[in-house]
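In what follows, a single structure is set out as structure tokens and then discussed.
In what follows, chains carry the letters A, B, and so on, assigned in the order in which the sequence lines appear, proteins first and then strands, with residues in each chain numbered from 1. Just so it is clear, the values below take in all heavy atoms, side chains as well, and ignore hydrogens, waters and symmetry mates.
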Amino acid sequence: MIQYESQTLFPPKVLFAFFCSINALIVPLHRNNHSLMNPKIRVRFAPSPTGPLHIGGVRTALYNFLFARKHGGTMILRIEDTDQGRFVPGAEEYIISSLAWCGIHFDESISVGGPHAPYRQSDRKPLYKQYSDLLLNAGHAYYAFDTPEELEMLRKEAEESKQTFTYNAVTRKKLRNSLTMNPQEVEKMIGEGIPFVVRFLIPENTEVVMEDIIRGKVVVKTETLDDKVLYKSDGMPTYHLANIVDDHLMEISHVIRGEEWLPSLPLHILLYQAFGWEAPQFAHLPLLLKPDGNGKLSKRDGDRLGFPVFPLQWVDPKTGETSSGYRESGYFPDAFVNMLALLGWNPGTEQELFNMEELITAFSLERVGKAGSKFDPEKTKWFNHQYLLRKSDEELALSLKTLLADKGIEAELKQLTKVVALLKDRVNFVHEIWNEGQFFFEAPLTYDEQVIKKRWKDDSPAIMQSLALMLQDVHDFNPESIDAAIKQWLEVNGFGMGAVMNALRLLLVGAAKGPHLADIMSVIGKEESLRRIKNGIEAINNQQINS
RNA sequence: GCUCCCUUCGUCUAGUCAGGCCCAGGACGCCAGGUUUUCAUCCUGGUAACAGGGGUUCGAAUCCCCUAGGGAGUACCA
């Protein structure tokens with residue numbers, strides 16, 4: 001058996017834990033100050049610009065970011081666009097602006113540059129051939145001339161006999177490659193420009209022993225692996241080659257990526273071995289699962305269950321189809337990030353609300369779970385509610401003002417601040433303040449039939465008129481004075497609180513909802529309150545005649 | 001099919017590495033009660049889980065084995 005992992009006495013997990021404990025000793029002295037750079041910790045988020053980044057990808061980026069900041073390391077964005085056929089215009093910009101909205105920033109990237117530029121793999125194209133040649137010359141890789149059609153046929157044939165075709169030790173000897181052909185022939189074909197790919201030669205009869213920070217030791221026999229294409233016939237590397245070369249060149253210390261990459265880990269470890277490079281440490285994150293049933297969360301689930309799957313709204317450039325985003329749906333970025341952080345990771349305490357700084361302090365890969373997490377849209381709303389509650393009335397009033405302006409409603413910021421204060425604890429989103437408190441801005445157009453039936457009695461018109469008369473004399477129209485005046489008036493006239501107030505609410509709001517009535521009247525003012533009482537009595541009368 | 005990974009309330013999870021403090025704790029949701037002029041908030045309470053089976057042990061959610069279920073991968077995609 002060959003040990004493919006590093007030859008140290010301590011497994012990576014032990015070394016890692018040791019390292020973290022040292023850092024834990026140093027970091028508190030420099031709290032909230034990430035100038036204590038640890039140049040050894042370098043992580044990257046490496047998306048492929050094939051479309052919008054979904055929340056699983058955002059979480060991966062977030063964990064990379066938290067890990068880097070926690071250890072004073074470097075966060076890198078690398079665009080993996082080695083598949084020219086899958087390029088989607090706008091996807092790159094989408095990824096960057098989405099992460100920026102979340103507060104995830106990069107130290108090195110296609111936009112800010114860095115010592116290892118370029119950070120877009122298509123811009124690094126010339127680089128990869130030499131590494132492919134290195135492997136070729138060392139006998140770790142070989143040329144293969146089988147066409148995609150030929151391979152497709154082989155796969156179909158295998159499928160018919162309920163088997164799977166694999167390009168490996170048993171099949172490669174019968175296929176068209178530099179292992180089965182003589183060197184002159186190979187040279188001639190390449191010289192003539194016959195398309196070829198470069199495949200990795202998987203070593204036979206050994207085991208690859210890997211250490212994952214989250215999963216521990218994983219062992220795979222090389223017989224189960226296949227000779228993956230490293231270099232494509234279009235002159236581009238595949239993900240596997242480009243990824244290893246760039247991670248090495250960019251001195252990546254920790255690869256934190258989704259679990260879907262775990263099956264490729266043996267290949268990657270083998271590649272590091274073949275190059276004679278030290279491999280980074282790996283952490284494979286559990287997947288985000290659909291809220292109902294099983295399986296990886298996908299765009300379709302969002303459409304089906306009515307929640308966003310993307311951080312920002314995305315319009316498909318080809319189909320024009322629009323996918324909703326968290327930002328456009330009214331979520332706060334910090335609430336969104338907080339929710340995402342807790343999906344698969346937990347601090348081990350009962351704290352649930354974390355700002356970015358707190359996340360950075362609390363985060364550790366050791367506390368990332370192994371099992372996939374079903375995404376819960378309901379809890380996401382709860383997080384937003386918590387953040388909304390903690391924001392100032394002024395800040396919320398400002399966003400409400402913009403929102404109302406879109407509806408053509410002009411309102412004073414001072415007024416909106418009062419409305420927000422009265423309504424914020426009953427909504428999850430700023431835009432819900434409109435649904436909950438439309439009556440602050442417009443007199444009711446209709447009056448709830450159910451409420452009329454229950455609360456509007458024969459003597460209600462007379463009582464309301466008398467109440468309006470009394471209200472006329474309340475000069476300082478603040479909630480306290482209004483309450484005091486009504487209370488006294490009720491006592492003098494011997495009216496019941498419930499009967500009067502419910503009828504009054506019907507006139508002012510049009511329905512059985514909303515905050516304390518004195519608060520509402522104070523906000524809309526005496527004039528408007530009296531107008532609504534007067535008009536309401538008439539309107540309800542008409543409504544009853546018509547029905 | 002094959003390879004690898006995973007499995008505690010409906011959901012997110014604590015507890016698992018270092019077995020007893022766990023007839024399993026918190027949160028979301030749901031249900032009930034209370035507060036209230038309405039609705040909502042809020043408060044109080046409740047609901048509900050160690051996938052199954054075998055071991056090891058005085059003692060197992062925790063260690064070992066098996067079974068079942070789920071997921072991912074299986075491309076000249078990433």
Q.
What is the separation between atom CZ on A:F165 and atom P on B:G73, rounded to the nearest whole Å?
A. 21 Å

Q: Using the C1' atom on both, measure B:A18 against B:G55 and round to a whole Å.
A: 22 Å

Q: For A:S522 and A:D519, test the side chains for any donor-to-acceptor distance below 3.5 angstrom and give the result as yes or no.
A: no

Q. Less than 6.0 Å separating the ring centroids of A:W261 and A:Y239?
A. yes

Q: With C1' as the reference atom in both, quote the distance from B:U36 to B:G15 in angstrom, rounded to an integer.
A: 41 Å

Q. Which base sits across from B:C9 as a Watson-Crick or G-U pair, both distances under 3.5 Å?
A. none

**Q.** A:K162 NZ to B:U74 C1', straight-line distance once rounded to whole Å
**A.** 18 Å

Q. Across the strands shown, which category fits A:G85 at heavy-atom distances under 4.0 angstrom: base, sugar-phosphate, nothing?
A. nothing

Q) In the strands shown, is B:C17 matched to any nucleotide by a Watson-Crick or G-U wobble pair with both distances under 3.5 Å, and which? A) none

Restricting to nitrogen or oxygen on both sides, can you table the protein-nucleotides 43-50 of chain B pairs closer than 3.5 Å?
none

**Q.** A:Q351, CD: over 12 other non-hydrogen atoms inside 6.0 angstrom
**A.** yes

Q: May I ask you to say whether A:R532 pairs ionically with A:E442, meaning some side-chain N is under 4.0 Å from a carboxylate O?
A: no

Q. Looking only at atom C1', what distance separates B:G53 and B:C17, rounded to whole Å?
A. 25 Å

Q: Go ahead and name the base partner of B:C76; Watson-Crick or wobble counts if both distances stay under 3.5 Å, otherwise write none.
A: none

Q.
Is the shortest side-chain heavy-atom distance between A:S122 and A:M236 below 4.5 Å?
A. yes

Each nucleotide N or O in nucleotides 76-78 of chain B that has a protein N or O under 3.5 Å away: list the pair and distance.
unit_1: B:C76; atom_1: OP2; unit_2: A:R199; atom_2: NH2; d: 3.3
unit_1: B:C76; atom_1: O2; unit_2: A:S233; atom_2: N; d: 2.8
unit_1: B:C76; atom_1: O2; unit_2: A:S233; atom_2: OG; d: 2.6
unit_1: B:C76; atom_1: N3; unit_2: A:S233; atom_2: OG; d: 3.0
unit_1: B:C76; atom_1: N4; unit_2: A:D146; atom_2: O; d: 3.1
unit_1: B:C77; atom_1: OP2; unit_2: A:K232; atom_2: NZ; d: 3.0
unit_1: B:C77; atom_1: O2'; unit_2: A:D83; atom_2: OD2; d: 2.9
unit_1: B:C77; atom_1: O2'; unit_2: A:R86; atom_2: NE; d: 3.1
unit_1: B:C77; atom_1: O2'; unit_2: A:R86; atom_2: NH2; d: 3.2
unit_1: B:C77; atom_1: O2; unit_2: A:R86; atom_2: NH2; d: 3.2
unit_1: B:A78; atom_1: OP1; unit_2: A:T82; atom_2: OG1; d: 2.7
unit_1: B:A78; atom_1: OP1; unit_2: A:K232; atom_2: NZ; d: 2.9
unit_1: B:A78; atom_1: OP2; unit_2: A:Y239; atom_2: N; d: 3.1
unit_1: B:A78; atom_1: O3'; unit_2: A:E80; atom_2: O; d: 3.3

**Q.** Side-chain N or O of A:R367 closer than 4.0 Å to phosphate OP1/OP2 of B:G15
**A.** yes

Q: Take the angle between the ring planes of A:W489 and A:F495 and call it parallel below 30°, perpendicular above 60°, tilted in between.
A: tilted

Q. To the nearest Å, how far apart are A:F383 CZ and B:U13 P?
A. 11 Å

**Q.** Proximity of A:Y326 and A:F336 rings by center, below 6.0 Å
**A.** yes

(Q) On the nucleotide B:U38, are OP1 or OP2 found under 4.0 Å from the side-chain N or O atoms that A:N502 carries? (A) no

Q: Figure out the CG/C1' separation between A:N384 and B:U41, and round it to whole Å.
A: 17 Å

**Q.** Centroid separation A:F196 to A:Y231 less than 6.0 Å
**A.** no

**Q.** Side chain proximity check, A:P347 to A:L342, heavy atoms < 4.5 angstrom
**A.** yes

Q. Who is the Watson-Crick or G-U wobble partner of B:A40, with both distances under 3.5 Å?
A. none

Q | Residues A:E150 and A:R176 bridged, charged N to O under 4.0 Å | A | yes

**Q.** Selection residues 337-350 of chain A - residue pairs positive for side chain to side chain donor-acceptor pair (under 3.5 Å), sequence neighbours left out
**A.** A:N338-A:Y387, A:N346-A:R367

(Q) Need the pair for B:C63. Rule: Watson-Crick or G-U wobble, both distances under 3.5 Å, any strand; none if unpaired. (A) B:G55

(Q) Assuming nearest nucleotide by heavy-atom distance, tell me which of A:A518 and A:K228 is located more 5' along RNA chain B. (A) A:A518

Q. Hey, are the side chains of A:I520 and A:R505 touching, using non-hydrogen atoms and a 4.5 Å cut-off?
A. yes

Q. Looking at A:D393 and A:K418, does any basic side-chain N land under 4.0 Å from a carboxylate oxygen?
A. no

Q: Looking at every strand, decide which applies to A:G295 at a 4.0 Å heavy-atom threshold: base, sugar-phosphate, or nothing.
A: sugar-phosphate

Q.
When the C1' atoms of B:C64 and B:G19 are compared, how many Å lie between them, rounded to an integer?
A. 13 Å

Q: Return the nucleotide paired to B:C30: Watson-Crick means purine N1 to pyrimidine N3 with N6-O4 or O6-N4, wobble means G-U with N1-O2 and O6-N3, both under 3.5 Å.
A: B:G46

Q. With a non-hydrogen cut-off below 4.0 angstrom, is A:P266 in contact with a base, only sugar-phosphate, or nothing?
A. nothing

Q | Same-atom distance (P) from B:U16 to B:C63, integer angstrom | A | 9 Å

Q | Closest listed nucleotide, where the reference is the side chain of A:D425 and the choices are B:U11, B:U38, B:U41 | A | B:U41

Q: Could you please spell out the steps behind the side-chain contact (heavy atoms from CB on, under 4.5 Å) verdict for A:V309 and A:F375?
A: CA-CA 10 Å; A:V309 168; A:F375 179 71; over 6 Å; no

Q. NZ of A:K129: more than 12 outside heavy atoms within 6.0 angstrom?
A. no

Q. Heavy atoms under 4.0 Å, any strand shown: does A:R257 hit a base, just sugar-phosphate, or nothing?
A. nothing

Q) When all nucleic acid strands are considered with a 4.0 Å heavy-atom cut-off, which category describes A:K296: base, sugar-phosphate, or nothing? A) sugar-phosphate

Q. With a 4.0 Å cut-off on heavy atoms, is A:L517 in touch with a base, just the backbone sugar-phosphate, or nothing at all?
A. base

(Q) Does A:K374 reach a base, just sugar-phosphate, or nothing at all? Heavy atoms under 4.0 Å. (A) sugar-phosphate

Q. Quick one: does A:K228's side chain get under 4.5 Å of A:R199's, heavy atoms only?
A. no

Q: Report the distance from atom CG of A:L287 to atom C1' of B:G70, rounded to the nearest whole Å.
A: 12 Å

Between protein and nucleotides 3-8 of chain B, what N or O pairs are separated by less than 3.5 Å?
unit_1: B:C5; atom_1: O2'; unit_2: A:R215; atom_2: NH1; d: 2.7
unit_1: B:C5; atom_1: O2'; unit_2: A:E259; atom_2: OE2; d: 3.0

Q.
Measure CG/A:L289 against P/B:U11 and give the value in whole Å, please.
A. 11 Å

Mind listing the N/O atom pairs, protein and nucleotides 24-28 of chain B, below 3.5 Å?
unit_1: B:G26; atom_1: O4'; unit_2: A:E350; atom_2: OE2; d: 3.3
unit_1: B:A27; atom_1: O4'; unit_2: A:E352; atom_2: OE2; d: 3.3
unit_1: B:A27; atom_1: O2'; unit_2: A:E352; atom_2: OE1; d: 3.3
unit_1: B:A27; atom_1: O2'; unit_2: A:E352; atom_2: OE2; d: 2.5
unit_1: B:A27; atom_1: O2'; unit_2: A:K379; atom_2: NZ; d: 2.9
unit_1: B:A27; atom_1: N3; unit_2: A:K379; atom_2: NZ; d: 3.3
unit_1: B:C28; atom_1: OP1; unit_2: A:W382; atom_2: NE1; d: 3.4

Q.
Taking side chain to side chain donor-acceptor pair (under 3.5 Å) as the cut-off, I'd like each qualifying pair that reaches into residues 153-167 of chain A, sequence neighbours left out, listed once.
A. A:D146-A:Y167, A:Y167-A:N177

Q. Quick one: A:K513 NZ to B:A40 C1', roughly how many Å, whole number?
A. 10 Å

(Q) How many whole angstroms separate atom CD of A:E149 from atom C1' of B:A75? (A) 13 Å

